[in-house]
Every structure is written in structure tokens, then in C-alpha cells.
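One structure is given below, encoded as C-alpha cells.
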Amino acid sequence: MVLLSSLPQLFLLFLLFTFTNLCCSIPVNTSKDYLKLPLLHRTPFTSPAQALFSDIRRLSLLQNRPSFKSPVTSGASSGSGQYFVSLRLGSPPQSLLLVADTGSDLVWVKCSACKNCSNYFPGSAFLARHSSTFSPIHCYNPLCQLVPHPQPNPCNHTRLHSPCRYEYLYADGSKTSGFFSKETITLNTSTGRKKKLKNVAFGCGFRISGPSLTGASFKGAQGVMGLGRAPISFSSQLGRRFGNKFSYCLMDYTLSPPPISYLMIGGLQSSAVSRKRMNFTPLLVNPQSPTFYYIAIKSVSVDGIKLPIDPSVWSIDELGNGGTIIDSGTTLTFIAKPAYREILKAFKRRVKLPIAAEESPDFDLCVNVSGVSRPALPRMSFELSGDSVFSPPSMNYFIDTGDGVKCLAIQPVNSDDDFSVIGNLMQQGYLLEFDRDKSRLGFSRSGCAKP
């Protein structure tokens, strides 16, 4: 992701105008139709400790401050992104599995330019030569300025019609590079119709390397669907066509059989939840990290008792440090240290169950729930800006770590400068609507499919 605030303002406005007009070749959708994509869940971890390790690795990628040469990157590729979307790309359509990630912007897939593609099984890579609608973006097209390039920039020394080359870097040295291109995608709408969307910009990655993007850690995905706030993200490109909003429900994947979660691009399904049952909080913009969806926490309560946390703990400072983001690709929730200490203290004081005999080195509070069918655990609530309260059930932050043992699935962030993260476990069971036009996040316990 290019740090958009680093570009001259007039040039940035020109790029945004150009991108809106060039990439969105079909009219704005004025109907109540929307895209509905199943979110496929895979559990890549054999233990909560592995999930924690993967989350910490992801955060080290997300919290690496961006620059023009090194963008904020998709931590989903670290293996912690557990929700996948099947995307049908090209003509005829080729089905590929992408990680759905609100913490990154670029949509990219593993590509191949093979002539004899017998060595590739279906869905292992996007076969560019097999699509009649594949089109690399030209090097001097203004869209090319929206992605990071290899250094030195090949556009400075090439012919006018050379393809736009991108290079997307990761904090651990991993990278994907190839051609920034345009393609047709085929998606299902809420009414069951298939809709072809032309000229969707994406990274066609011919070179993929590094520990984050290869081997078992990528869990069979062929790329990443960036849902961040920059113009190149999937939600930005399709937003203008479908009401400039998207939503999802992350269902409890520990149930058997697991219920289906959905990613919806477009207006909220009116029959799913009444507007009167939606709570709204503003989405904040951090100029230093414009990809992320920030929310403002005002206070935290445990069992209705407000904790003595300085409100400045939750604020974004003048350097862009701090704040709280909503992230679909991080499993656990990470809280600023001063607030975490008060939350942990309150839970320890109010929990009525015996502390687990065997201490877990990965979690600070574990309780013994053996023989208790419905353990009573303290209830936590977040008071958010906009006079809304987010009060998830205890199952969203107490997880099973062993037979008869539940642990508090909240962790402190590593540095005082890092932001807090509301992870996907904390979001389970909620319909979350990211309304980009009104810059607000809506949430409700109603509207998600019941198991």
C-alpha cells in the first residue's frame, strides 16, 4: 500500500479521480442488490499458543510503519488470516482462494504465464494466458502510481507501453511482485444472479517469496483480497458500484457443523436487521496508517463497573501512534498495556471459578471449568464514540485451551506506540457494516445466520 499522505495533495486527488473513472467501467448500482460471498474458515492451528504466535507475527507486520517504498502489508499472509473468499477471475472464470483481509489494500493473486499448463492443477494459480480479458496496466497509466514499484522504478527507463510492475514488500522480507493488471471477475449477487465486473485492478504475482507467502503458513490460499481504505482495495473498487459499503458476519467456527459466514459487498440486507437494532460508531482516519479501520474507545467496563483507564490510552497521537483498529485477519484481541493491566486485574477480581492448576505461559488468566456446563464469566463492555456500546459475550474472549480449561484470549500490545486490535474472535456473532460514505461502523447481534 502506497502511503497516500506522502503524495502531493493535488496529484493524489488527480489519481483518485482517474482511478474512479478508469477502473469502474460499469454504472453505479442503484438497486438494493449486493454481492454475497461465502467466507470459508480454516483452522490452521493445533493449539491456542500457535494462534497467539501467528497473531504476534501478524502484528509485527501490520505495525511496521509504512513508507513509499515499503507499504503496510497484509498480515493475513502470515497465516493468521483464517477467513477465505473464493474469487472467480478472468474469462472464462478461474476459481481462486483469497484471504479476506481488512488490514491491507492490494488485491493480488499468484499468476502463471505458462503456455503448457498441465503442471498446474485447477485453482493453484491464475493462468493469465487462458483469459481473454486479462490486461496489464501500462507503465505510464496514472493507476500505476497507486502501487509500489521495484527499485529503481522501471517506468523511468522503459517504452510508453511497457507493463506496470509492482513489488509489495513485507516486514519479514517476503514479497510478491509482478504486473499490476485489470481483469473481469464473476460474482454472485444476493438475488442469485451472476454479475460480471470488468476492469478490476489487481496484482498478478509472478514472483512470490519469503516465509509469509510460501509453504504451509499460507494455508492453500492463492492470494489476498485487501479490504482496506485505499483506492486499490477490493472494497474501494467495488464500493462505488454497490453503495460504498461492505459487511460481514463471522460465525462461531467451533460449532459442528460450522455455520457459514458471509462477506457482503453493498447495502445491508434490509430484511436481515432493522436499522433500529444497529449501533453505530465513527470510523476514524489515521493519516499515517490510512489503510486501517480505526474506532474510538471511550471506556471499558467489566460486569458494569467502569475501569480506571486514562482515556488518552485509546487516542491516536500526532505521530499516528496508538488508537484501535478492527481487523479480520487477527484472531485474538490485543489491548494497549495500561488498559490491559486494568482489564486483567478486574477479571481476576471478579471471576468466581477456580484458577486452573496448570499455568499457561501464553495467557495471564486461565480458569477451571470442569463439570460446569455453563460457566459464569465476567462480562466486558466497550463504550465507543457515538454513544454506542459493544458488549460481546464471554465466549468471544474466553477460549478453550485444554480439557476443562478456559483462558482469557486478550493480550497486551508489545509497545506503547502500537495500536490496539479487535480481532476476529471478539467479532464473532456480530453483523459488522463498514459504511465508507458515512465513515461509520455499524454492528448488531441480529442479522447473522443462525447455526
Side-chain angles (χ1 to χ4, degrees), residues 1-5 39 55 58-59 61-66 71-76 80-81 83 85 99-107 224-239 242-250 261 263-266 268 278-298 314-316 320-336 382 384-386 388 390 392 413 418-428 430-444:
M1 185 273 298
V2 176
L3 180 61
L4 299 179
S5 60
L39 285 170
D55 278 346
R58 171 178 171 82
L59 293 181
L61 300 178
L62 292 180
Q63 292 169 336
N64 183 50
R65 289 296 178 223
V72 170
T73 60
S74 169
S80 58
Y83 290 90
V85 175
V99 175
D101 185 32
T102 59
S104 68
D105 294 309
L106 182 68
V107 180
V224 173
M225 179 185 285
L227 294 168
R229 305 181 80 163
I232 60 174
S233 77
F234 192 78
S235 53
S236 294
Q237 294 188 61
L238 272 64
F242 293 94
N244 208 21
K245 62 182 66 173
F246 70 94
S247 58
Y248 58 71
C249 293
L250 305 181
S261 300
L263 168 67
M264 292 165 281
I265 307 291
L268 187 66
M278 288 288 285
N279 295 281
F280 295 97
T281 188
L283 286 170
L284 309 180
V285 176
N286 181 353
Q288 301 303 318
S289 298
T291 293
F292 304 132
Y293 295 96
Y294 283 85
I295 59 172
I297 296 177
K298 296 173 67 176
W314 307 111
S315 62
I316 303 171
N321 300 317
T324 304
I325 70 168
I326 296 284
D327 183 32
S328 65
T330 302
T331 303
L332 308 183
T333 288
F334 290 76
I335 298 291
F382 297 90
L384 306 178
S385 180
S388 61
F390 179 58
V413 296
D418 291 339
F419 47 71
S420 299
V421 180
I422 304 298
N424 62 44
L425 181 64
M426 190 74 78
Q427 301 171 38
Q428 280 188 9
Y430 279 88
L431 175 65
L432 297 179
E433 181 191 66
F434 295 76
D435 189 333
R436 296 156 61 94
D437 278 344
K438 295 182 179 179
S439 196
R440 67 181 185 179
L441 174 71
F443 58 94
S444 174

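Residues in residues 282-294 take part in no salt bridge (charged side-chain N to carboxylate O under 4.0 Å, His left out) pair, two or more places apart or across chains.
Looking at residues two or more places apart in sequence or on another chain, you find a side-chain contact (heavy atoms from CB on, under 4.5 Å) between Val107 and Leu98, Phe202, Phe234. Partners of Ser439 under the side-chain contact (heavy atoms from CB on, under 4.5 Å) rule, at least two apart in sequence or in another chain, are Arg229, Leu283. Under the rule for a ring pair (Phe, Tyr, Trp, His ring centres under 6.0 Å), the partners of Phe434 that lie at least two apart in sequence or sit in another chain are Phe246, Tyr248, Tyr293. Residues meeting the ring pair (Phe, Tyr, Trp, His ring centres under 6.0 Å) test with Phe390, sequence neighbours left out: Tyr430, Phe443. Partners of Ser235 under the side-chain hydrogen bond (donor to acceptor under 3.5 Å, both in side chains) rule, at least two apart in sequence or in another chain, are Ser233, Arg436.
Closest approach of Ala336 and Val413 over heavy atoms only: CA-CG2, 3.6 Å. Here the closest non-hydrogen pair linking Ser236 and Ala230 is OG-O, 2.5 Å. For the residue pair Ser385 and Pro282, the shortest heavy atom distance occurs at O-CD, 3.2 Å. Across every non-hydrogen atom of Leu227 and Ala100, the tightest pair is CD1-CB, 4.3 Å. Ile316 approaches Gly322 most closely through the heavy-atom pair CG1-O, 4.1 Å. Listed here is the closest heavy atom pair of Val85 and Met225: CG1-CE, 3.8 Å.
Between Ile265 and Gln237 there is no side-chain heavy-atom pair separated by less than 4.5 Å.
Atom CG of Asp105 and atom CZ of Phe292 lie 8.5 Å apart (nearest 0.5 Å). The CG atom of Asn424 sits 7.5 Å away from the OG1 atom of Thr330 when rounded to the nearest 0.5 Å. Residue Ile326 holds its CD1 atom at 11.0 Å from OG of Ser420, rounded to the nearest 0.5 Å. For the atom pair Met426 CE and Leu250 CG, the distance stands at 13.0 Å (nearest 0.5 Å). Interatomic distance, Asn321 CG to Asp418 CG, rounded to the nearest 0.5 Å: 8.0 Å. A distance of 5.5 Å separates CD1 of Ile422 from CD1 of Ile295, quoted to the nearest 0.5 Å.
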Determine, step by step, whether Thr102 and Thr291 satisfy the side-chain contact (heavy atoms from CB on, under 4.5 Å) criterion, reporting the C-alpha distance in whole Å, the side-chain angles of both residues, the deciding distance to 0.1 Å, and the verdict.
CA-CA 8 Å; Thr102 59; Thr291 293; over 6 Å; no
Let me see the working for Thr281 and Lys298 under side-chain contact (heavy atoms from CB on, under 4.5 Å), right down to the final yes or no.
CA-CA 11 Å; Thr281 188; Lys298 296 173 67 176; over 6 Å; no
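Gln428 places no side-chain N or O within donor-acceptor distance of the main-chain N or O of Pro392, the cut-off being under 3.5 Å.
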